[in-house]
Amino acid sequence: MSAAVEIKGWCPGARRPMPSGDGLIVRVRPHGGALPVSTLRELAEAARRYGNGEIDLTRRANLQIRGVSSETLVPLWELMASLGLLDDSAEREAIRNIVVNPLAGHDPAERADMRPVAAELETLLASDQTLHALPPKFGFALDGGGRLPLTELAADVRLVACGGTRGRRVAVGIAGSDDPVWLGTTAVIDAASTAVHLARLVLQLSPTRRSATLPPSAIAAVSAELNLDVSDIAPPSAAMGQRHCGVIALTDQTCAVGLGVPFGRIDSGTLARLADMLGAHDVAEVRLSPWRALYVAAGRLAAETLVAEAARLGLVVDDADPLMRIDACSGAGCCPSTELATRQHARMIADAMARTGFNGTLHVSGCAKGCARSAAADVVLVGEAKCYHIVRHGTVKSEPCGMLDPSEIDGGGLFETKEKADV
């Protein structure tokens with residue numbers, strides 16, 4: 001497989017947009033992962049007016065407006081500033097890479113509402129210019145637990161609400177080579193300042209300024225410096241059953257509704273209609289998530305109606321839909337790194353997954369960068385020229401086991417091949 005692909009070490013921002021095959025990509029980072037429905041409506045209109053009308057939902061619970069030009073960038077900035085969504089500098093924006101549970105404050109099963117911790121963390125990060133040297137992909141995961149935990153989300157610093165002999169606490173961890181390394185627990189009130197202290201230590205001691213590359217001696221030094229309580233720490237448990245799409249019962253009277261966006265791409269017209277629909281049901285706020293799904297809180301009757309109406313808009317409201325198990329990059333026309341229509345091919349493969357009963361995960365990447373998914377998938381298609389390399393149970397960096405011509409997708413042979421390979 002060819003390795004002659006430029007892999008950028010940064011992500012698009014608002015202050016530092018990224019050029020792509022369809023114009024500039026401008027990232028919108030909601031505070032605490034939440035947007036008023038009225039703001040969502042304005043961003044939909046902004047995508048139409050200042051971009052090409054396409055919006056992405058990212059794995060970091062952000063939005064990206066695509067197709068922005070050098071002429072429309074400044075008016076877009078002005079709108080974002082009026083909505084409180086534009087940071088003072090590219091550096092300050094880049095380190096505001098914080099993900100919170102999308103049901104925080106709504107979910108009675110959560111151990112703690114981590115939104116106040118996230119707000120304090122934002123303030124502390126912005127006030128410490130030393131931390132502006134952190135890599136743009138340096139991330140914080142603030143997990144309050146409950147029905148939609150952030151267990152699988154990659155993060156340099158993890159703050160996870162937990163219980164112990166001393167009551168409600170926050171477990172502090174860093175990314176390890178495989179699983180998180182837990183350093184101890186702290187009081188909820190001290191969690192944000194502990195995270196900032198930890199980030200400073202990673203910046204000083206890691207050769208890449210990322211926590212996953214801290215050598216063992218450095219981890220020991222970090223642990224000693226933080227001096228956290230290790231008396232009752234245990235790895236925080238993963239979750240209750242994880243239903244991401246459709247109606248999610250919270251209490252006898254209230255629900256959340258998960259609305260999946262296929263491949264994380266939605267057009268401005270659909271997003272505007274969604275905002276109007278939510279407003280008609282008195283929904284005031286939308287939460288973003290790492291799963292390319294939007295979440296809202298609603299009463300039981302309204303929730304069922306919202307699901308039916310969202311399905312008519314083309315959103316995914318059933319976890320069984322194969323589209324929610326597929327990650328696919330933008331593909332030809334949006335990215336100059338590939339000639340392959342990755343999302344068109346992914347939809348064809350979704351039909352084949354449904355026909356053959358394949359229940360695994362799929363990653364369709366137009367090139368060896370693997371932008372749409374960093375984690376392993378059951379089947380990975382890695383584009384090169386006009387064909388795909390096939391990888392089983394790996395990532396775009398894994399050794400391929402075969403080739404697939406896009407003309408062969410309709411027949412479902414991709415999954416028949418898997419069955420033969422497993423015999």
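Below, each value reflects all heavy atoms present in this structure, side chains not excepted, and no hydrogens, waters or symmetry copies.
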- Message: Leu73 vs Val26, test: side chain to side chain contact (heavy atoms under 4.5 Å, CB included). Steps then yes/no.
- Response: CA-CA 8 Å; Leu73 180 59; Val26 176; 3.8 Å; yes
Could you tell me which non-hydrogen atom of [X] sits nearest to which non-hydrogen atom of [Y], and how far apart they are?
X: Ala352; Y: Ile409; result: CB-O, 4.4 Å
X: Val396; Y: Ser365; result: CG1-CB, 3.9 Å
X: Ala171; Y: Cys162; result: N-SG, 3.7 Å
X: Ala14; Y: Pro17; result: O-CD, 3.4 Å
X: Ala350; Y: Ile326; result: CB-CD1, 3.7 Å
X: Pro136; Y: Asn97; result: O-ND2, 3.6 Å

- Item | Those residues that, when tested against His345, pass ring-ring contact (aromatic ring centres under 6.0 Å, His included) (two or more places apart) |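 With neighbours one apart ignored, the set is Tyr388.
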- Query: What pairs meet the salt bridge (charged side-chain N to carboxylate O under 4.0 Å, His left out) rule with one or both residues in residues 307-316, with sequence neighbours excluded?
  - Reply: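 Those involving residues 307-316 do not exist here.
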- Task: Can you run down the salt bridge (charged side-chain N to carboxylate O under 4.0 Å, His left out) pairs that involve residues 202-216, sequence neighbours left out, and say none if there aren't any?
- Result: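 Matches after skipping sequence neighbours: Asp156-Arg210.
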Can you find a heavy atom in the side chain of [X] that is under 4.5 Å from one in the side chain of [Y]?
X: Leu83; Y: Val28; answer: no
X: Val286; Y: Thr39; answer: no
X: Leu183; Y: Val181; answer: yes
X: His393; Y: Val380; answer: no
X: Cys335; Y: Cys367; answer: no
X: His132; Y: Ile95; answer: yes
X: Val391; Y: His363; answer: no
X: Pro262; Y: Val316; answer: yes

- Out of Leu278, Leu274, Asp282, which one pairs with Val37 under the side-chain contact (heavy atoms from CB on, under 4.5 Å) rule?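 With Val37 as partner, Leu278, Leu274, Asp282 yield a single side-chain contact (heavy atoms from CB on, under 4.5 Å), made by Leu278.
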Any carboxylate oxygen within less than 4.0 angstrom of a Lys/Arg side-chain nitrogen, looking at [X] and [Y]?
X: Arg48; Y: Asp267; answer: no
X: Asp87; Y: Arg15; answer: no
X: Arg96; Y: Glu93; answer: no
X: Asp327; Y: Arg292; answer: yes
X: Asp229; Y: Arg169; answer: yes

- Task: May I have the step-by-step check of side chain to side chain contact (heavy atoms under 4.5 Å, CB included) for Leu103 and Leu250, ending in yes or no?
- Result: CA-CA 10 Å; Leu103 300 184; Leu250 298 179; 4.2 Å; yes
I'd like to check the salt bridge (Lys or Arg N to Asp or Glu O under 4.0 Å) partners of [X]; sequence neighbours left out, ordered by chain and number.
X: Asp318; answer: none
X: Arg60; answer: none
X: Arg343; answer: none

N/O donor-acceptor pair under 3.5 Å between [X] side chain and [Y] backbone:
X: Ser82; Y: Leu79; result: yes
X: Thr338; Y: Gly366; result: yes
X: Trp291; Y: His244; result: no
X: Arg373; Y: Ala376; result: yes
X: Thr194; Y: Asp190; result: yes
X: Thr342; Y: Cys329; result: yes
X: Ser206; Y: Leu203; result: no
X: Arg92; Y: Ala126; result: yes
X: Arg27; Y: Met18; result: no
X: Glu285; Y: Val296; result: no

Measuring from [X]:[atom1] to [Y]:[atom2], what's the distance to the nearest 0.5 Å?
X: Leu159; Y: Thr186; atom1: CG; atom2: OG1; value: 9.0 Å
X: Ser289; Y: Asn101; atom1: OG; atom2: CG; value: 10.5 Å
X: Met403; Y: Glu408; atom1: CE; atom2: CD; value: 9.5 Å
X: Asn52; Y: Ile65; atom1: CG; atom2: CD1; value: 10.0 Å
X: Ile25; Y: Cys334; atom1: CD1; atom2: SG; value: 8.0 Å
X: Tyr50; Y: Glu45; atom1: OH; atom2: CD; value: 8.0 Å

- So His281 and Thr305, side chain to side chain contact (heavy atoms under 4.5 Å, CB included) or not? Walk me through it. CA-CA 9 Å; His281 289 281; Thr305 304; 3.5 Å; yes
- salt bridge (charged side-chain N to carboxylate O under 4.0 Å, His left out) between Glu91 and Arg16, worked out: CA-CA 9 Å; Glu91 292 75 20; Arg16 187 181 291 142; 3.4 Å; yes
- Query: Going through the checks in order, is the salt bridge (charged side-chain N to carboxylate O under 4.0 Å, His left out) test met by Asp378 and Arg325?
  - Reply: CA-CA 10 Å; Asp378 294 305; Arg325 289 181 278 116; over 6 Å; no
- Item | Arg158 to Trp182 six-membered ring, cation-pi geometry met (6.0 Å, 45°) |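 No, cation not above the ring by the 6.0 Å, 45° rule.
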- Tell me, with the steps shown, if Thr270 and Arg273 meet side-chain hydrogen bond (donor to acceptor under 3.5 Å, both in side chains). CA-CA 5 Å; Thr270 302; Arg273 288 192 293 275; 3.3 Å; yes
- Establish, from distance only, whether the side-chain atoms of Arg265 and Ser330 form a donor-acceptor pair under 3.5 Å.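 Short answer, yes.
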- Message: Using side chain to side chain contact (heavy atoms under 4.5 Å, CB included), reason through Arg392 and Val379 one step at a time and then give a plain yes or no.
- Response: CA-CA 5 Å; Arg392 306 286 184 192; Val379 177; 3.5 Å; yes
